[in-house]
K.L.:
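Before we start, here is the structure in question, set down as structure tokens.
Worth knowing before you read on, the calculation uses all heavy atoms, side chains too, and leaves out hydrogens, waters and symmetry mates. We count residues from 1, following the sequence as given.
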Amino acid sequence: FPVTIIVLNELTDISTGLQTELQKVLDRGGNILLVPGVNQANAYNVLLQNWGMPTLYQMDQSALKLEQVNQQNELFKGVFKQLTNKTEWPKVNMHFTLNITNTNKGASEFNLNNGDALLWQSNVAKGKVFLLTSPLQTQYNSLVLHSIFVPLMFNMALPNTIQNNWFNWVDGAKKVKLHPQNDFTDKLVQLNNEKQRLVAEVNKQPDGNLMIQSDGIQQAGCYRDWE
């Protein structure tokens with residue numbers, strides 16, 4: 001299967017070769033999660049500048065907690081059943097503030113109760129880059145111990161083809177329309193979901209959309225290409 005997410009966890013050095021490979025992942029629609037360590041701000045800032053994102057500015061050791069979540073983001077789809085004033089959020093004892101300019105891409109999806117970003121998301125090429133401003137260590141925050149952590153990581157790892165509904169039913173004639181951003185170089189594609197795998201032909205329609213038609217498609221659902 002294609003790589004859907006790469007996690008850079010507290011790297012001390014990011015070589016030019018690694019930068020090139022990371023860009024290839026984004027060009028193919030993969031995602032990247034950046035998790036800086038206490039002393040790794042400079043290494044990550046090179047990547048952040050290249051991708052037009054806010055850079056890590058300075059370390060803040062204030063005792064804070066998560067306060068605001070962008071629930072409209074696909075990243076949090078199915079994560080929250082009900083939010084109330086009594087909802088317990090992760091606590092943060094150390095985070096990096098961000099140097100944000102008007103030209104930076106993306107937005108904060110997790111805000112701390114002082115207004116600083118805990119999680120920033122930007123669209124880069126065909127993929128997404130997530131920047132966590134606090135290390136994933138319990139001495140710095142309780143995020144890894146919180147119930148939102150596993151579904152959050154799972155949603156980050158979902159291929160953008162699934163998040164954007166690139167495969168969807170058109171009608172009852174066993175046809176599937178592909179999202180226009182899809183890039184299939186082969187005329188035949190192999191698809192699967194939880195219950196079946198099949199080989200189908202991709203045809204370009206007069207309106208420019210790509211369409212799959214196959215007698216093997218037995219039910220509605222989410223399909224992805226596989227090798």
K.L.:
Going hydrophobic residue to hydrophobic residue with side-chain gaps under 4.5 angstrom, can you get from L34 over to V46?
P.N.:
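No; tracing contacts between hydrophobic side chains, which count when under 4.5 Å, never links both residues.
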K.L.:
Less than 4.5 Å apart, side chain to side chain, heavy atoms only: is that true for L131 and V35?
P.N.:
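Result no, sub-4.5 Å side-chain heavy-atom pair not found.
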K.L.:
Side chain to side chain contact (heavy atoms under 4.5 Å, CB included) for W89 and N113? Distances and angles first, verdict last.
P.N.:
CA-CA 10 Å; W89 294 111; N113 59 334; over 6 Å; no
K.L.:
Tell me every residue that passes side chain to side chain contact (heavy atoms under 4.5 Å, CB included) with N104, counting only those two or more places apart in sequence or in another chain.
P.N.:
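For N104, the residues satisfying side chain to side chain contact (heavy atoms under 4.5 Å, CB included) (neighbours in sequence not counted) are P54, I100, T101.
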K.L.:
Answer yes or no: is there a side-chain heavy-atom contact under 4.5 Å between L119 and T133?
P.N.:
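When only atoms from C-beta onward are counted, T133 and L119 do not touch, as no gap falls below 4.5 Å.
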K.L.:
Dump the intermediate steps for side chain to side chain contact (heavy atoms under 4.5 Å, CB included) on L118 and N111, then the final yes or no.
P.N.:
CA-CA 6 Å; L118 179 61; N111 284 339; over 6 Å; no
K.L.:
With clusters defined by side-chain heavy atoms of hydrophobic residues (ILVMFWY) lying less than 4.5 Å apart, directly or transitively, does Y57 cluster with W51?
P.N.:
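Different hydrophobic clusters.
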K.L.:
Do L112 and H95 have side chains that get closer than 4.5 Å, going by heavy atoms?
P.N.:
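Touching, per the 4.5 Å side-chain cut-off.
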K.L.:
Would you say S134 and N141 are linked by a side-chain donor-acceptor pair, where the criterion is simply a distance under 3.5 Å?
P.N.:
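Result is yes, a qualifying pair exists.
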K.L.:
What I'd like to find out is whether the side chain of W120 reaches to under 4.5 Å of the side chain of M53, using heavy atoms alone.
P.N.:
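Result yes, sub-4.5 Å side-chain heavy-atom pair found.
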K.L.:
How about L33 and I6: do any of their side-chain heavy atoms sit closer than 4.5 Å?
P.N.:
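Answer no - side chains too far apart.
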K.L.:
If we only count heavy atoms from C-beta on, is the V38 to M94 side-chain gap below 4.5 Å?
P.N.:
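Side chain of V38 against side chain of M94, heavy atoms only: contact under 4.5 Å found.
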